[in-house]
Number of protein chains: 2
Amino acid sequence: MVDDDLPNTGLLLYIPYRWLENRVIDALITAGYGDITTAQMRIVQRIGLHGTRLTELADQAQVTKQTAGYLVDQLEKAGWVERVVDPTDKRARLVRIAARGKQALPIAATAVAEVEAAWEAHLGKRHVAQLRHTLGRLREITDPYA
Amino acid sequence: MVDDDLPNTGLLLYIPYRWLENRVIDALITAGYGDITTAQMRIVQRIGLHGTRLTELADQAQVTKQTAGYLVDQLEKAGWVERVVDPTDKRARLVRIAARGKQALPIAATAVAEVEAAWEAHLGKRHVAQLRHTLGRLREITDPYA
DNA sequence: TATCATTAGTCAGATACTCTGACTAAAATA
DNA sequence: TATTTTAGTCAGAGTATCTGACTAATGATA
């Protein structure tokens, strides 16, 4: 069990990540929510329950705030998110999930759950749990926002 | 050890992937090889020892062949790769690593090794091996080109 | 409290990436 | 040989991303 013929760990992480993302996109398209792009999804995914500031979304998605602003503009036009004033800071506004986003998110969540179920079927429940645990530990040293 | 507070598995995979990619970019910039973009790296990474066809690069990187062609154009102009005729098929050409690429690749490889060492220091050798093994098994059902 | 520095976000412009559609030439197949 | 498929390019358009410059509100401090 040496696994020395495997590609580098980066690619190894990327392959299932991309697979999962593609399954979510497929599910959204099928359900009529295809008017969202991967770049936009990577923003939406990081919006917290009570809304999140643009700058924080930018930091977490690792894009500039200008880019995040552009993506939120698109999402807002399409009804996925809305901007509301931040009561604690007049400069800031909170980006929140709006109507269309609330409808679509369960579909995305279901798609993720289905993929995770498929992975459990292939790897076994124990190994998936261990994988998630290990990735969670890795997050401690790779996620500045953990 | 339930890990129920962890984000979805997609984000969990993406975070360390992106971290690793950033460390590679940092190393390349430091060594004076900053004239490559992430999109270009995702192509270069998939070029085999004897060269790889454009269409295959496109498939594996999950972009259209036009996009792959555009990226290879940039890489070729910068001396990272070259195109040589495929002796077995006059329509095709093989994309191969050229001089600049050959110089830079060891730097990228070193950066990857350093990150993997840091991960081993944090998780333990055993858990990293297990992580790679599990990701390798996952690849069986998520990589059409495995 | 008046000033200075920082932070949140936008505007403008440029570049990079990605796609669809249409095309040529070579190879594979019927 | 005629047809279909495959490898790749050309052209055009939309999306994503960046840097630089700016405004307004906040925070820190003299």
Side-chain angles (χ1 to χ4, degrees), chain A residues 14 18 21-22 25-26 28-29 34-48 50-78 80-96 145, chain B residues 14 18 21-22 25-26 28-29 34-48 50-78 80-96 145:
Chain A
Y14 183 71
R18 187 63 193 269
E21 188 176 66
N22 286 340
I25 292 168
D26 290 348
L28 288 174
I29 289 173
D35 62 327
I36 190 172
T37 66
T38 54
Q40 288 167 13
M41 279 199 338
R42 294 200 258 261
I43 294 292
V44 168
Q45 193 174 17
R46 287 163 168 95
I47 298 174
H50 323 292
T52 305
R53 287 189 187 178
L54 188 66
T55 305
E56 200 185 330
L57 292 176
D59 284 347
Q60 292 195 20
Q62 299 188 49
V63 295
T64 61
K65 53 188 181 175
Q66 293 92 323
T67 296
Y70 168 81
L71 292 170
V72 168
D73 283 348
Q74 312 303 315
L75 287 164
E76 197 170 28
K77 279 176 200 155
W80 285 79
V81 308
E82 60 192 351
R83 289 190 239 228
V84 299
V85 290
D86 184 336
T88 73
D89 188 335
K90 281 177 192 162
R91 293 169 304 178
R93 287 189 289 168
L94 295 173
V95 179
R96 278 199 320 205
Y145 310 96
Chain B
Y14 183 72
R18 186 63 191 267
E21 188 176 65
N22 286 340
I25 291 168
D26 290 348
L28 289 174
I29 289 173
D35 62 325
I36 191 173
T37 65
T38 54
Q40 288 167 14
M41 281 201 334
R42 294 200 258 260
I43 294 291
V44 169
Q45 194 174 19
R46 288 166 166 92
I47 298 175
H50 322 292
T52 304
R53 289 190 186 177
L54 187 67
T55 305
E56 201 185 329
L57 293 176
D59 284 347
Q60 291 195 22
Q62 300 190 48
V63 294
T64 60
K65 53 187 181 176
Q66 293 93 323
T67 296
Y70 167 81
L71 293 169
V72 168
D73 283 348
Q74 312 301 315
L75 287 163
E76 196 171 28
K77 279 177 200 157
W80 285 79
V81 307
E82 61 192 351
R83 288 191 239 227
V84 300
V85 290
D86 183 334
T88 73
D89 188 334
K90 283 180 189 161
R91 292 168 303 177
R93 286 189 289 170
L94 294 173
V95 180
R96 278 200 319 207
Y145 309 96

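Each chain gets a letter, A, B and so on, in the order its sequence line appears, and its residues count up from 1.
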With A:Val81, which of A:Gln74, A:Arg96, A:Gln40, A:Glu76 fulfils side-chain contact (heavy atoms from CB on, under 4.5 Å)?
A:Glu76
For B:Leu94 and A:Thr88, take the nucleotide of DNA chain D holding the closest heavy atom to each; which residue's nucleotide lies nearer the 5' end?
B:Leu94
Whole-Å gap separating P (D:dA7) and CD (B:Gln66):
13 Å
Base, sugar-phosphate alone, or nothing: which one does A:Asp89 contact when heavy atoms must sit under 4.0 Å apart?
sugar-phosphate
Kindly indicate whether the side chain of A:Leu71, heavy atoms from C-beta on, has any atom under 4.5 Å from the side chain of A:Arg42.
no
Among D:dC18, D:dA16, D:dT26, which nucleotide has an atom closest to any side-chain atom of A:Leu71?
D:dA16
Which is the 5'-most and which the 3'-most nucleotide of DNA chain C that has an atom under 4.0 Å from a heavy atom of chain B?
C:dA16 to C:dA27
State the CD-OG1 distance between A:Gln62 and A:Thr67, to the nearest 0.5 angstrom.
12.5 Å
In whole angstroms, the gap separating C1' of D:dG12 from OH of B:Tyr70 amounts to 14 Å
Nearest-angstrom distance from the residue atom CG of A:Asp73 to P of D:dA16
12 Å
Which atom pair, heavy atoms only, marks the closest approach of A:Ala61 to A:Ile43?
CB-CD1, 3.9 Å
Decide yes or no for A:Ile47 and A:Thr52: does some side-chain heavy atom of the first lie under 4.5 Å from some side-chain heavy atom of the second?
yes
Check whether any side-chain heavy atom of B:Leu94 lies under 4.5 Å from a side-chain heavy atom of B:Arg83, and answer yes or no.
no
In whole angstroms, the gap separating P of D:dG14 from CG of A:Asp35 amounts to 17 Å
To the nearest 0.5 Å, tell me how far B:Thr38 OG1 sits from B:Gln45 CD.
11.0 Å
Hey, does B:Arg83 reach any base, or is it just sugar-phosphate, or nothing, if we go heavy atoms under 4.0 Å?
sugar-phosphate
For A:Asp35 and A:Ala78, the nearest pair of non-hydrogen atoms, with its separation, is OD2-CB, 3.9 Å
Rounded to the nearest 0.5 Å, what's the gap from CG on B:Leu54 to CD on B:Gln66? Could you check?
9.0 Å
Side chain of B:Arg91 (C-beta onward), nearest among D:dA7, D:dT26, D:dT17:
D:dA7
Please round to the nearest 0.5 Å and tell me the distance separating atom NZ of B:Lys65 and atom CG of B:Leu57.
13.5 Å
If I take atom CZ from residue B:Arg46 and atom CG from residue B:Asp59, how far apart are they, to the nearest 0.5 angstrom?
11.0 Å
How is A:Lys65 classified with respect to the nucleic acid when contacts are heavy atoms under 4.0 Å: base, sugar-phosphate, or nothing?
base
Per-helix bend value, the helix from C:dT1-D:dA30 to C:dA30-D:dT1, C1' rotation axes over five pairs per end, 10° rounding, shows 30°
Going by number, which of residues 50-62 of chain A have a non-hydrogen atom under 4.0 Å from DNA chain C?
A:Arg53, A:Leu54, A:Thr55
